[in-house]
Amino acid sequence: MIDIHCHILWGVDDGPQSPEETEALLNLAKAEGITDIIATSHYSPYLEQIYEEKFEEAASMARSVGINLYSGCEYKLQDALLLKDRLITLAGSDFILVEITSGVLGDFVYNQVYDLELAGYQVILAHPERSFMPADLPKLRKLGDMGVYFQITAGSIAGKFGRQIQQFAFKLLEEGLCHFIASDAHNPGSRAFFYNEAKSILQKKELIPQAIDLLFRENPSKVLSGEPSIRNVSLKRSQPSNRKLFPRRRLS
């Protein structure tokens, strides 16, 4: 499995604060079956100055446990616009990870996202199930129609942020507004990976294996290789075999 959103670098944001904590996260990732991680610390001017050094230290540590580490960053939309000539993309691709919150999702945001797309970037929206509410679904659908991709957090599916967020994550899956599941891991405790828990829940919800693989491995692998052919998971369409992704019941 591949994790496209992970705060694995220590001492740069609200993620791990020591090499030991980063090492603990890497060991947890290995135990979860994660083979590749994109290091997506929150952007700050400080991070920009020290990113390369911190990344190389963490990449060496990751190699020692058999994990490939790739560069990346998590940007607030305004920062991405200001820095669009020098963004740290995901694994050197055209994909960028952007955070937008419900409170700033006015009509002007569509123009800002369009500006990033005109600059050649493919926008992945981080953790919409935690940044938005069901009332925001029409706006999220519009972003999806504009070509924005959506990344849901494994911990949200596993219920680690509460039932309301879990149910909204299921609703986004139902609506086809999910292209990636990632960890957004920050620490080895409350903000760990939860990949296997999330997969188990999706299996109980009767999401077919091909769809689970799409979210945890196939689409993330296309980010690593820079391929644009990202697919979503939706309850409202069938696989080529005409078998429903959630074949016998809808998510609630």
Side-chain angles (χ1 to χ4, degrees), residues 1-9 15-16 22-41 55 58-59 61-74 89-93 95 97 122 124-130 149-161 166 169-170 172-173 177-227 229-233 239 245-246:
M1 292 184 288
I2 299 166
D3 190 358
I4 69 163
H5 183 179
C6 183
H7 298 259
I8 198 74
L9 307 185
T22 290
E23 184 178 17
L25 271 173
L26 288 167
N27 287 328
L28 282 176
K30 184 73 173 179
E32 291 262 11
I34 295 168
T35 58
D36 302 85
I37 293 174
I38 302 180
T40 52
S41 303
F55 176 81
M61 191 178 295
R63 285 193 295 270
S64 71
V65 298
I67 291 177
N68 302 308
L69 196 65
Y70 300 85
S71 59
C73 194
E74 180 181 9
T89 63
L90 301 183
S93 68
F95 293 94
L97 185 67
Q122 300 189 69
I124 299 175
L125 182 60
H127 48 67
E129 80 287 358
R130 289 161 41 214
Y149 300 113
F150 297 85
Q151 171 261 304
I152 287 177
T153 309
S156 297
I157 292 170
K160 305 301 180 181
F161 298 95
Q166 183 185 47
F170 293 157
L172 291 172
L173 275 164
L177 299 175
C178 182
H179 303 84
F180 309 92
I181 292 176
S183 74
D184 193 9
H186 281 62
N187 61 59
S190 61
R191 296 292 300 276
F193 296 92
F194 306 118
Y195 265 38
N196 289 328
E197 283 188 56
K199 286 178 67 178
S200 177
I201 287 169
L202 292 175
Q203 287 164 354
K204 290 175 182 176
K205 289 286 186 180
E206 299 176 5
L207 186 64
I208 63 172
Q210 296 96 314
I212 292 174
D213 184 69
L214 181 79
L215 296 171
F216 286 90
R217 188 199 61 80
E218 183 180 328
N219 280 346
S221 73
K222 291 177 179 178
V223 172
L224 297 185
S225 61
E227 296 180 40
S229 54
I230 302 297
R231 296 190 294 150
N232 67 347
V233 166
Q239 291 285 67
L245 294 171
F246 290 80

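Note that the numbering runs from 1 along the sequence shown for the chain.
Within the 4.5 Å cutoff, the side chain of I201 has heavy atoms near those of the F170 side chain. Under the 4.5 Å side-chain criterion, counting only non-hydrogen atoms from C-beta, I124 is in contact with V223. F216 places a side-chain heavy atom less than 4.5 Å from the side chain of L202. No side-chain heavy atom of E227 sits under 4.5 Å from any side-chain heavy atom of F95.
In this pair, Y195 and F193 present their aromatic rings perpendicular. The plane angle is above 60°, beyond the 30 to 60° band. Taking the six-membered ring where tryptophan is involved, the planes of F150 and H179 are essentially parallel, since the angle between them stays under 30° and well short of 60°.
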| Taking it one step at a time, do L215 and I152 satisfy side chain to side chain contact (heavy atoms under 4.5 Å, CB included)? | CA-CA 9 Å; L215 296 171; I152 287 177; over 6 Å; no
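A donor-acceptor distance shorter than 3.5 angstrom exists from the side chain of S225 to the backbone of S221, with no hydrogens or angles considered.
Here the closest heavy-atom approach between residue S229 and residue K222 is recorded as O-NZ, 2.7 Å. Annotation for C73 and S41: closest pair SG-O, 3.3 Å, computed over non-hydrogen atoms. Across all non-hydrogen atoms, the minimal contact from P128 to L125 is CD-O, 3.7 Å. Of all heavy-atom pairs spanning A198 and A154, the tightest one is CB-O, 3.6 Å. The minimum heavy-atom distance linking R130 with S156 is given by the pair CD-OG, 3.4 Å. In plain terms, the two heavy atoms of G72 and L90 that are nearest each other are CA-CD2, 4.1 Å.
When the side-chain contact (heavy atoms from CB on, under 4.5 Å) test is applied to Q203, the partners found at least two apart in sequence or on another chain are I212.
The distance from atom CZ of R63 to atom CG of L69, rounded to the nearest 0.5 Å, is 8.5 Å. Here CD1 of I34 is found 10.0 Å from CG of L26. Values are rounded to the nearest 0.5 Å. Between Q151 atom CD and N219 atom CG the span is 12.0 Å, to the nearest 0.5 Å.
For the pairing with H7, the side-chain hydrogen bond (donor to acceptor under 3.5 Å, both in side chains) check across D184, T22, N187, T40 returns one residue only, D184.
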